[in-house]
Amino acid sequence: MNENKLTIIMYHYVRDLKHSRYPGIKGLQTELFKEQLQYLKKHYHFVRVEDVIAAYTGDNRLPDHPVLLTFDDAYVDHFSTVFPILRHEGIQGAFYAPVKAVTENKVLDVNKIHFILASTPADKMPLLLEEIKSLLDVYREEYGLKDFDYYFKKLAVANRFDTKEVIFVKRLLQVELDEQLRNILSDILFEKIVAIPEDAFSRELYMSMDQIRCMVDCGMHIGSHGYDHYWLGSLPKEKQEFEIKKSIDFIKEVGGDVNNWSICYPYGNYNADTLALLKENGCKLGLTTVVDVADLNNTADDAIYKLPRLDTNDIPKDANAPVNQWY
Ligand SMILES: [Zn+2]
C-alpha cells in the first residue's frame, strides 16, 4: 500500500534513559532507536532532504518506500547518540535547532516544563500543583487570572501518553496563560524544582555550534526551528521575519546551504505570512506535526511546505516486527 508515499519520522530525545540523570523524560531509549533503524532498513529506503526537494521539483524520483529521519530541538543526544549511529549506517538525518537555545545558552520553556515534570515523581505531584496554585494567587490581580479550579477543570484531561495532572501543567504553562506569565512561572518552577543554573543546564541539554558544524561537515542536514521556538503563525509578520533571518544566519554559520534550506515549524504552527517569507528567503521544504505520510502525487504549490510526519512511536521499534498501517 501507500504507493508514492514519503514517510518522515520525528524524533526528540534519544538517549540511554535508564542510566541518565532524568529517567522520567519522555524519550526514546537508544537500543529501541537502533531496532527501529533495523526495521526501517528492511522495509524502506532512507533519503536525504535534498532528494525530497528534488522529487517535488521534478528533478528526481525517490526510491520505493522512502523514509526521512528528522530530529527536533537540537538536544545533545542528537550529537552524542544519534549522529554516530547514522554516520555508521550511512544515513542522513535532518536536525532542527532553535537558534536561541544553541547560541545563547537559554533553556526553552517547553524544555523547562519537561524537566520540571521529570524532577517530580508521582507522589510529589500534589506538591507541584500546590506550588502552581500559590503562584496563581500571587499573579492573579496583575494578570487577571481565574482561580486554580477553573484552569484545572478546563485543562486536566489525560491522553494516551500522560496523566491528567501532567497534561494540566503542560497546557497551563505552554498555552493557557499569557506568554510573559508563562515565562515567569516556568523560570520560578525550574529554579526551585530542577535547581540547576539555566546557563549550565542549557550547555548540557543542547548541542554546541561546533558539534552542529561537525555534523554538517559529515553530511547531516541542519534546518531552521525558529529562533525563540515560538508558534510562528501567532506572530506578526515582522517578528516572523526576525525568526527566519536569525535562522538563516545560523544555518550559514554552521555551513549549511542558505539557498536550499528547510524548516521544521515549532509546534507545527505557521500561516500564510510564514510561507511567503520562507519562499522569499530560499527555504525549500517545511515540516509540520500533522500525523500522516506525505503524498508525493500531491503537486499542489505549497505541498512541500506542509509535509506531515509520523512520530517514532507510530513505527515499530523491533527489527523483526511486521509492517504496520503506515507502510
Ligand atoms: Zn521543537
Side-chain angles (χ1 to χ4, degrees), residues 8-15 22 25-28 33 49 68-79 81-82 93-118 161-162 166-167 169-171 173-175 179 182-183 186 190 198 201-202 204-208 211-212 215 220-235 239-240 242-244 246-248 250-251 254 256 261-271 274 278 283 285-291 305-314:
I8 306 175
I9 308 177
M10 166 175 72
Y11 297 89
H12 287 92
Y13 302 100
V14 183
R15 51 174 72 179
Y22 298 95
I25 275 291
K26 297 267 165 58
L28 178 62
F33 176 61
V49 169
L68 174 70
L69 307 185
T70 67
F71 301 83
D72 291 14
D73 300 338
Y75 301 124
V76 74
D77 315 24
H78 300 166
F79 181 77
T81 304
V82 171
F95 298 85
Y96 293 95
V99 176
K100 191 177 178 181
V102 174
T103 58
E104 295 174 29
N105 304 308
K106 301 284 187 212
V107 177
L108 302 178
D109 276 1
V110 59
N111 294 140
K112 282 188 182 151
I113 298 163
H114 291 162
F115 287 93
I116 290 165
L117 288 167
F161 300 119
D162 290 316
V166 167
I167 295 285
V169 175
K170 284 187 175 175
R171 290 172 68 182
L173 297 177
Q174 278 174 12
V175 187
E179 189 200 322
R182 295 199 314 252
N183 295 342
S186 303
F190 184 83
E198 177 169 355
F201 197 89
S202 171
E204 278 189 22
L205 181 59
Y206 305 108
M207 293 188 277
S208 69
Q211 289 169 333
I212 294 174
M215 288 168 54
M220 299 292 145
H221 179 87
I222 294 292
S224 163
H225 199 39
Y227 168 73
D228 229 326
H229 203 263
Y230 281 146
W231 297 62
L232 292 174
S234 73
L235 298 178
K239 285 207 170 164
Q240 290 199 43
F242 172 81
E243 294 276 325
I244 287 165
K246 281 282 203 185
S247 299
I248 296 173
F250 174 78
I251 290 168
V254 295
W261 55 282
S262 67
I263 186 166
C264 166
Y265 310 105
Y267 311 100
N269 187 266
Y270 62 90
N271 63 14
T274 324
L278 292 175
C283 177
L285 178 151
L287 299 165
T288 69
T289 49
V290 173
V291 181
Y305 292 97
K306 299 176 179 176
L307 295 174
R309 293 188 290 171
L310 299 180
D311 186 79
T312 171
N313 292 311
D314 293 315

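Ligands are counted one by one from 1 in listed order, and the atoms in each one are counted from 1 as well.
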*Do you know the tightest heavy-atom contact between I116 and S186?*
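Nearest pair, atom of I116 first, then S186: CD1-O, 3.8 Å.
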
_ring-ring contact (aromatic ring centres under 6.0 Å, His included) partners of Y230, counting only residues at least two apart_ =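 For Y230 there are no ring-ring contact (aromatic ring centres under 6.0 Å, His included) partners, ignoring immediate neighbours.
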
*Could you tell me which residues satisfy side chain to side chain contact (heavy atoms under 4.5 Å, CB included) with T70, sequence neighbours excluded, listed by chain and number?*
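Partners of T70 by the side chain to side chain contact (heavy atoms under 4.5 Å, CB included) criterion, ordered by chain and then number, come out as I8, M10, L68, D72, A94, Y96, L287, R309.
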
_Minimum heavy-atom separation for E198 and V107, please, with both atom names._
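Scanning both residues, the minimum pair turns out to be OE2-N, 2.8 Å.
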
*Every N, O or S from the protein that is nearer than 2.8 Å to the Zn ion (ligand 1)*: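 Those protein N, O or S atoms (cut-off: under 2.8 Å from the Zn ion (ligand 1)) are D73 OD1, H225 NE2, H229 NE2.
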
*Would D228 and K246 satisfy salt bridge (charged side-chain N to carboxylate O under 4.0 Å, His left out), going step by step from the backbone distance to the final call?*
CA-CA 10 Å; D228 229 326; K246 281 282 203 185; over 6 Å; no

_For V291, side chain to side chain contact (heavy atoms under 4.5 Å, CB included) partners two or more places apart_ =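 Checked V291 against side chain to side chain contact (heavy atoms under 4.5 Å, CB included); matches are L310, D314, W326.
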
